[in-house]
Protein chains: 2
Amino acid sequence: MADSSTQVRPGGRSAKVRAAVHHAVAELLAEEEAETLTLPAVAARAGVHPTTLYRRWGSTAQLLNDVATSRFTDDLVVPDSGSLAGDLQRWLADVATDVADPDTLALMRATIGSGPAGGCACVEDRHRQLGAIIRREQDRGGTALDVETAADFLLGPLYYRAIFTPEPASADWARTLVSTYLATLRTP
Amino acid sequence: MADSSTQVRPGGRSAKVRAAVHHAVAELLAEEEAETLTLPAVAARAGVHPTTLYRRWGSTAQLLNDVATSRFTDDLVVPDSGSLAGDLQRWLADVATDVADPDTLALMRATIGSGPAGGCACVEDRHRQLGAIIRREQDRGGTALDVETAADFLLGPLYYRAIFTPEPASADWARTLVSTYLATLRTP
DNA sequence: CCACTAACGCAACGATCAGTGCGATAATTT
DNA sequence: AAATTATCGCACTGATCGTTGCGTTAGTGG
């Protein structure tokens, strides 16, 4: 009975405001620099009163965390091609395509800059997806992989290129990354 | 003779102001959230008038870029242990130790969030250092490595863990990373 | 359909930010 | 040492931000 006095009300209007605000954040990050991303600016773009943003989110950091979490959660379908290599290649290619979008990158950068937990909000679901792929391979009777190590070798180079280097990471490059990673497993 | 009319003057006072401002940025990022990093706040901490910051840097984005560039340039000595494995292990362990510092991480996060070129400012010199190590191995008659690929497998997982995951990356883990990377080269 | 209340809009306020013009200081050159 | 001028400090101003109190709108349960 933890805090039963205040009941949430995610009805039509709140959901509509939330969607408009999320859309406004993505728009503003896509077109201008992250400097001008203030709560009044987002409110004006979303057609919502600034007070609403101050009350619901409080700061741009929490708003960005919310936007990034919902943006990078359940946005990709975990493939089931029948083999580990196929699943990983399909999935990482999708991730690479997603990360190659400049608007997506802008959201990631802003979220990372908003606080220590910003990065986690961007890749938390990716780790869940990778875990699902690995678990499925294990159920097939295949090799048991460590999720963290796989993330180091697959997501590591991909996100590193996206954030820290100007050169893009294509879907083909992601597939090559999976091949070389699986090759290292067969030859310890 | 491009713009010979305006000559820079990096004398004693300017250098002192610059150092104080850089120090103030690092301090503010270390203690509080990145939200409050405004030019007047930095000026107050540095004991400098806000107008100076508006004129010399113009925005927090450019200031952060300047701070990050000078912070992550010539801060590590490229080792020369006689072997590629030794050089890489020493160097990447140093990088890991540097990145493990919360204050360093805060500066990196803020710089990444300040603009598209933020990430490059943090690792540009790292690529130069890695290139120097690889070139030295080549001069020894050893294997010729591609700098970009090596960065993908060495810096990628390291910076990915630092920015996107809560678990730290120790110096020992970095050395293991080098070992596994070199192992993959011997077995193509 | 009605009562309840979470969520939003509105107006007003102090605080801080971003920018400008002008004089003072000090680095650099002759 | 004197002249030149890049750089900084100061005072001032308009704009924007962050916050609060109060009334209104609209989900939610009876």
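Remember, it's a predicted structure, so these values are computed and weren't measured experimentally. Residue numbering restarts at 1 for every chain, and letters A, B, ... go by the order of the sequence lines.
For A:Arg13 against C:dG9, a side-chain-to-base donor-acceptor contact under 3.5 Å is absent.
Between the CG atom of A:Leu53 and the C1' atom of C:dC10 there is a distance of 15 Å, rounded to whole Å. C:dA18 atom P lies 6 Å from atom CG of B:Leu39, rounded to whole Å. Rounded to whole angstrom, the span from the CD atom of A:Glu35 across to the P atom of C:dG19 amounts to 11 Å. Note: CD (A:Gln62) to P (D:dG18) measures 13 Å, nearest angstrom.
Under 4.0 Å is where a charged nitrogen must lie from a carboxylate oxygen, and between A:Arg140 and A:Asp80 at least one such pair does. The pair A:Asp94-A:Arg126 fails the salt-bridge criterion, with no side-chain N (NZ, NE, NH1 or NH2) lying under 4.0 Å from an Asp/Glu carboxylate O.
The side chain of B:Arg55 lies closest to D:dG9 when the candidates are C:dA18, D:dG18, D:dG9. You'll find that the side chain of B:His49 is closest to D:dA11, out of C:dA18, D:dA11, D:dC17. Taking only side-chain atoms of B:Thr51, from C-beta outward, the nucleotide of D:dC10, D:dT20, D:dT25 with the closest atom is D:dC10. Which of D:dT25, C:dG9, C:dG19 sits closest to the side chain of A:Val48 comes down to C:dG9.
Cation-pi contact between B:Arg161 and B:Trp173: present, with separation from the ring centre below 6.0 Å and deviation from the ring axis of at most 45°.
Within 4.0 Å (heavy atoms only), A:Arg56 reaches sugar-phosphate atoms of the nucleic acid but no base atom.
Taking only side-chain nitrogens and oxygens, A:Tyr54 comes nearer than 4.0 Å to OP1 or OP2 of D:dG18. Listed pair A:Thr38 / D:dC17 meets the phosphate criterion, a side-chain N or O lying under 4.0 Å from OP1 or OP2.
Ring planes of B:Phe153 and B:Tyr181: parallel class, angle under 30° (limits at 30 and 60°).
Comparing A:Gly58 and B:Thr52 along DNA chain D, the residue whose closest nucleotide (by nearest heavy atom) sits nearer the 5' end is B:Thr52.
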